[in-house]
Amino acid sequence: MTDMTPEQSVPGCGSRADVRREQILAAAEACFRTHGFHGASMSKLCAQAGMSPGHVYHYFESKEAIIEGIVRRKADAILARVEATRNAPNVLDATLERAGEGIADKLDPDFAALELEIVSEACRNPRVARIVRDSDHEVLSNFTELVLGLRRDLGHEDSKETLDALVDMIAILFDGITVRGIRHPEMDRERVVALFEKTLRFLIVEWR
């Protein structure tokens, strides 16, 4: 007979397990932002989540596994945004609009603190580096397909090297805004978002 946890053995309890996982991930995000990856001990994380260590380890075997869960959740949100963009009546306008939404996320101090903590850990920890890079590859591959379709509709015939450089440049702009938001929190965010959308339009529509 297959071993089951109590949550798995009862019909409909998969959603309860998902809630528990989300509870742990939310607690981990708060701890990582406040204490950093290494300062966020499992005891602090468990206290934040309101769970025993055994309960937390039932869902995540390590802090690296928790980071993987956080990165996976963020990637899924971006992929859902890209998919919604792809299905919009006007894909270019939707791309620009959702890019503005993404910039707003990147400028959020809590988002920035967590994002940079994970990237910093990726510089030291090979497992976290793999998690971050695999997620980035998945997201950018999906976004590249979107940009490729837009560029073809506009009459551009890009080589793979050209398209990859274009998408990397867009990613650099997205990633850089996070650091800029920390260095200059008083920036005029509305104007920055508007200028970013214009820059993105130029890169997609006119860049050769």
Side-chain angles (χ1 to χ4, degrees), residues 29-30 32-34 36 67 70-123 129 131-208:
E29 288 184 355
F32 293 161
R33 284 194 298 264
T34 303
I67 281 186
I70 292 171
V71 171
R72 178 71 262 165
R73 183 169 60 173
K74 290 184 181 298
D76 286 343
I78 296 172
L79 292 172
R81 184 176 286 174
V82 172
E83 184 63 21
T85 300
R86 187 180 284 115
N87 294 324
N90 188 314
V91 178
L92 178 59
D93 285 349
T95 299
L96 299 176
E97 179 182 349
R98 289 188 168 86
E101 295 171 359
I103 289 297
D105 290 344
K106 291 281 190 177
L107 287 172
D108 178 77
D110 285 343
F111 179 98
L114 181 62
E115 183 91 345
L116 294 179
E117 185 63 37
I118 291 175
V119 171
S120 176
E121 182 61 21
C123 294
I131 291 167
V132 169
R133 291 166 186 168
D134 287 350
S135 176
D136 183 76
H137 177 74
E138 179 184 10
V139 168
L140 282 194
S141 294
N142 201 275
F143 182 66
T144 298
E145 292 180 8
L146 175 66
V147 174
L148 175 62
L150 285 170
R151 297 272 293 174
R152 281 180 174 171
D153 289 345
L154 292 165
H156 296 291
E157 292 295 334
D158 300 314
S159 66
K160 181 181 184 303
E161 292 75 15
T162 296
L163 191 63
D164 286 348
L166 173 60
V167 171
D168 270 328
M169 188 66 239
I170 294 171
I172 288 168
L173 292 174
F174 266 109
D175 292 344
I177 199 70
T178 300
V179 175
R180 190 62 193 156
I182 293 173
R183 288 179 171 170
H184 186 206
E186 299 84 12
M187 75 168 69
D188 187 332
R189 299 188 177 200
E190 185 174 334
R191 287 182 182 273
V192 168
V193 169
L195 183 56
F196 182 92
E197 291 178 1
K198 289 181 180 179
T199 303
L200 184 58
R201 178 182 288 274
F202 169 80
L203 288 173
I204 292 175
V205 175
E206 299 185 33
W207 187 76
R208 296 179 182 274

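FYI, side chains are in, hydrogens and waters are out, and symmetry mates aren't considered; it's all heavy atoms of this structure.
For the pair D168/L140, a side-chain contact is recorded, criterion being any heavy-atom separation below 4.5 Å from C-beta on. Side-chain contact between E101 and D105 is absent, with no heavy atoms from C-beta onward closer than 4.5 Å. Looking at heavy atoms from C-beta onward, E145 lies out of side-chain contact with V82 at the 4.5 angstrom threshold. A 4.5 Å side-chain heavy-atom check between F32 and I67 finds at least one atom pair inside the cut-off. D158 has its side chain out of reach of V147: every pair of non-hydrogen atoms, C-beta onward, lies at least 4.5 Å apart. Side-chain contact between I177 and F196 is absent, with no heavy-atom pair separated by less than 4.5 Å. For the pair I172/M169, a side-chain contact is recorded, criterion being any heavy-atom separation below 4.5 Å from C-beta on. Side-chain contact between R86 and N142 is present, with heavy atoms from C-beta onward closer than 4.5 Å.
Note: E117 CD to S120 OG = 5.5 Å, rounded to the nearest 0.5 Å. Note that CG of D153 and CG of L92 are 10.0 Å apart. Values are rounded to the nearest 0.5 Å. The distance from atom CD1 of I118 to atom SG of C123, rounded to the nearest 0.5 Å, is 12.5 Å. Rounding to the nearest 0.5 Å places CG of L166 at 8.5 Å from OG1 of T144. Put simply, CG on L150 and CG on L146 are 5.0 Å apart, with the number rounded to the nearest 0.5 Å. Considering CZ of R98 and CG of L200, their distance stands at 13.5 Å, rounded to 0.5 Å.
Under a 3.5 Å cut-off, the side chain of R151 and the backbone N or O of I204 do form a donor-acceptor pair. At least one donor-acceptor pair closer than 3.5 Å links the side chain of H156 to the backbone N or O of V205. Here the side chain of S135 pairs no donor or acceptor atom with the backbone of I131 at under 3.5 angstrom. Side-chain atoms of N87 come within 3.5 Å of backbone N or O of E83 as a donor-acceptor pair.
The heavy-atom pair separating A122 from A129 by the smallest distance is O-CB, 3.3 Å. Residues A112 and I182 share a closest heavy-atom pair of CB-CD1, 3.9 Å. The heavy-atom pair separating D110 from R33 by the smallest distance is O-CD, 3.1 Å.
Few gaps surround CZ on R73; more than 12 heavy atoms of other groups in view lie less than 6.0 Å from it.
Every pair passing side chain to side chain donor-acceptor pair (under 3.5 Å) that includes a residue from residues 172-185 is listed here, sequence neighbours excluded: K106-D175. Applying the side chain to side chain donor-acceptor pair (under 3.5 Å) definition to pairs two or more places apart or across chains, those involving residues 187-205 are D93-R201, D188-R191.
F111 meets the ring-ring contact (aromatic ring centres under 6.0 Å, His included) test with no other residue; sequence neighbours excluded.
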